Colleague: 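Dropping the structure in here first, questions after.
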Amino acid sequence: MKIKAPKGTADTFPPVSEEWERVGSIMAQRARCYGYGLIKTPVFERTELFTRSIGAATDIVKKEMYTFEDRAGRSMTLKPEETAPVVRAYIEHGLDKRPGLTKLYYMEPIFRYERPQSGRYRQHHQFGVEAIGSADPSLDAEVMRLLMDIYAVLGLEELVLRVNSVGCSSCRGAFREKLRDALSPALNLFCEDCRRRYGENPLRLFDCKNEKCRELLSDGPFIDDNLCEGCGSHFRRVLSLLELLDVPFVKDGKLVRGLDYYTRTTFEVVSGELGAQNAVGGGGRYDGLVELLGGRPTPCVGFGTGMERVLAVMKEQDLRCGMQGPPAVFLALLGDRPRERGLKLMYELRQAFIHADTDYFDGSLKAQLRQANKRGFRLVIIIGEEELAGKSAKIKDMLTGEEEKILLVEAVERIKAICS
RNA sequence: GUGGGCGUAGCUCAGCUGGUUAGAGCACCUGGUUGUGGCCCAGGAGGCCGCGGGUUCAAAUCCCGUCGCUCACCCCA
């Protein structure tokens, strides 16, 4: 019986893996322009980090974590998100005790034990940023500008940025009660799930996809109309800065998020080309998290975007991120002595940072040329007994079919010239 | 955790009202050129028809179970 990759995981080969590299480097490059630097954190953490930050009552913590005991009996969890680990590292290294802003970006694997479906995996990868240390609304706007900027550079189209504010701990609590009061008379008209949400977390009712439930909620009340003074003015400022920075967005009072630590600004970017799992990115402000995890009160904002989903949208929109490397060289070597000389030349080419490869199956010249053609090599160097006797080689251009005779001692220089 | 769809060659799939050696396209290999790719032609290799059990003279085909994949709910990137 064959061993297969675990459910919900994927193996990735060229050329798709190269697409990943390219997309990742574009994201990183954009983030660096906005002042962010790379952070790397472990794939597993103490379990408490997530139960405390994400919220013990959330689905992620209740049923989606890969949790195990290590050999010393400590409870560990493969990270189901990256914000908490970044904040943990930030506090652990004393960064909260210094003034100023810390801007970090990451590209990390994320693990959630869910039933896989289109766009949802048990191991996926997120690129994200965290701006830690300031409540300035221009940071909220900047983070969203960066996210949309990344999508634009990659060529993604028809994305919708939805923005909301879920307020702070005080105004959200008040709103939750107001919402319950407003809905209680008509509660029996809602679907089963919504009636359950009503008790657990009424804000989640806004997430329901059921047409009827949506209609019942269409008249509000909405959280963004019920913010306290501070949260309200912060939100208005964020929205006006988005306009200033030419970020198209839709204000959506129904947008709520699944992690407890969010405060004030929340946002999500959805694509119409992704099926049910249509969010390509999302994020928001989490002003209470640093303190919750034992640091000094520190306001923060960030986003995460799913690599697999970004790649999926790119595929749907037929976008390629292929790299156009320098022309590669294939060495067709015929016979033992020509092969020895050719292997040496191949080594010299590689030393000169030229992509060079050869045949390892003792194929005929015809088979070797066919292989070179199929694998997309631009140049083929042919060395047989005949060439070797004259200390020469043939260079064949696979596009034009033309051949040129060169001296072996000049081969590297000649090929470098062609490649440049 | 719940529900639907699907498991046949490396890939995409046909065959499934049961009936000889299980097919196609793409990919792969060889030949058509004593040492010249792509196109074309000819040939070739490649399959416990997911696995286990049952019905039957006979099962890729029908039935049951199981595993896997997939889509959706839930939730989220």
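Sequence lines set the chain letters: A, B, ... in the order given, protein chains first and strands last, and positions in each chain run from 1. Everything numeric in this text was worked out from a predicted model, so none of it was measured.
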Colleague: Give a yes/no answer on whether the side chain of A:Thr305 brings an N or O atom under 4.0 Å of OP1 or OP2 in B:A77.
Modeller: no

Colleague: Tell me the partner of B:U20, counting only Watson-Crick (N1-N3 plus N6-O4 or O6-N4) or G-U wobble (N1-O2 and O6-N3) with both under 3.5 Å; none if nothing fits.
Modeller: none

Colleague: For atom P, what is the distance between B:A27 and B:C11, given to the nearest Å?
Modeller: 16 Å

Colleague: Salt-bridged, A:Glu45 to A:Lys79, with N to O below 4.0 Å?
Modeller: no

Colleague: How is A:Phe127 classified with respect to the nucleic acid when contacts are heavy atoms under 4.0 Å: base, sugar-phosphate, or nothing?
Modeller: nothing

Colleague: Output yes when at least one side-chain N/O atom of A:Gln117 is less than 4.0 Å from OP1 or OP2 of B:C73, else no.
Modeller: yes

Colleague: Write down the distance between CD (A:Gln123) and C1' (B:A77), rounded to a whole number of angstrom.
Modeller: 13 Å

Colleague: Given that both distances must come in under 3.5 Å, which nucleotide forms a Watson-Crick or G-U wobble pair with B:G35?
Modeller: none

Colleague: To the nearest Å, give me how far apart CZ (A:Phe267) and C1' (B:A77) are.
Modeller: 12 Å

Colleague: By the 4.0 Å heavy-atom rule, please label A:Gly128 as base, sugar-phosphate, or nothing.
Modeller: nothing

Colleague: Checking base pairs now: Watson-Crick or wobble, both atom distances under 3.5 Å. What partners B:A42?
Modeller: B:U30

Colleague: Just the rounded figure in Å: distance from C1' of B:C69 to CG of A:Asp11.
Modeller: 15 Å

Colleague: Quick one: do A:Glu385 and A:Arg337 make a salt bridge, cutoff under 4.0 Å?
Modeller: yes

Colleague: Working note: A:Phe267 + A:Phe303, criterion ring-ring contact (aromatic ring centres under 6.0 Å, His included); need CA distance, chi angles, decisive distance, verdict.
Modeller: CA-CA 9 Å; A:Phe267 56 92; A:Phe303 71 71; 7.1 Å; no

Colleague: Rounded to the nearest angstrom, tell me the gap between atom NZ in A:Lys405 and atom C1' in B:U36.
Modeller: 17 Å

Colleague: If you measure from the C1' atom in B:C41 to the same atom in B:U34, how many Å do you get, rounded?
Modeller: 22 Å

Colleague: With rounding to whole Å, what would you report as the distance between B:U21 and B:C49 at their C1' atoms?
Modeller: 15 Å

Colleague: Does the structure show a Watson-Crick or G-U wobble partner for B:A59, both distances under 3.5 Å? Name it, or say none.
Modeller: none

Colleague: I'd like the C1' distance from B:G5 over to B:C57, given in whole Å.
Modeller: 35 Å

Colleague: Between B:A22 and B:C16, how far is it from one P atom to the other, in whole Å?
Modeller: 16 Å

Colleague: Can you tell me how far P of B:C75 sits from NZ of A:Lys63, to the nearest Å?
Modeller: 7 Å

Colleague: Would you say the ring centroid of A:Tyr36 lies under 6.0 angstrom from that of A:Tyr105?
Modeller: no

Colleague: From C-beta outward on A:Arg115, which listed nucleotide comes closest to its side chain: B:C76, B:U36, B:A72?
Modeller: B:A72

Colleague: Answer yes or no: is there an ion pair linking A:Lys254 with A:Asp252, defined by an N-O contact shorter than 4.0 Å?
Modeller: no

Colleague: May I ask you to say whether A:Glu92 pairs ionically with A:Arg88, meaning some side-chain N is under 4.0 Å from a carboxylate O?
Modeller: yes

Colleague: Given B:U36, B:A72, B:C76, identify the nucleotide with an atom nearest to the side chain of A:Leu369.
Modeller: B:U36

Colleague: Is there a donor on the side chain of A:Glu403 or the base of B:U36 sitting less than 3.5 Å from an acceptor on the other?
Modeller: yes

Colleague: Now, which nucleotide makes the Watson-Crick or G-U wobble pair with B:G68, with each of the two distances under 3.5 Å?
Modeller: B:C6

Colleague: Can you tell which of B:A77, B:C75, B:A72 lies closest to the side chain of A:Ala276?
Modeller: B:A72

Colleague: What integer distance in Å separates A:Met398:CE from B:G38:P?
Modeller: 9 Å

Colleague: Is A:Lys63 paired with A:Glu114 through a side-chain N to carboxylate O contact shorter than 4.0 Å?
Modeller: no

Colleague: Can you tell me the base-pairing partner of B:G47? Count Watson-Crick or G-U wobble geometry only, both distances below 3.5 Å, and say none if there is no partner.
Modeller: none

Colleague: Is A:Lys7 near enough to B:C69 that one of its side-chain N or O atoms lies under 4.0 angstrom from OP1 or OP2?
Modeller: yes

Colleague: A:Leu379 has an atom CG; how far is it from atom C1' of B:G37, in whole Å?
Modeller: 14 Å

Colleague: Considering Watson-Crick and G-U wobble pairs with both distances under 3.5 Å, what does B:G25 pair with?
Modeller: B:C11

Colleague: Would you mind reading off the distance between A:Phe330 atom CZ and B:U36 atom C1', rounded to a whole angstrom?
Modeller: 13 Å

Colleague: Not counting sequence neighbours, which residues clear side chain to side chain donor-acceptor pair (under 3.5 Å) with A:Asn226? List them please.
Modeller: A:Lys178

Colleague: State whether the number of non-hydrogen atoms from other residues, nucleotides or ligands found under 6.0 Å of A:Asp362 atom CG is greater than 12.
Modeller: no

Colleague: Do nucleotides 27-35 of chain B as a string where each nucleotide becomes B, S or -: B if the base has a protein heavy atom under 4.0 Å, S if just the sugar-phosphate does, - if no protein is that close.
Modeller: -S-S-B--B

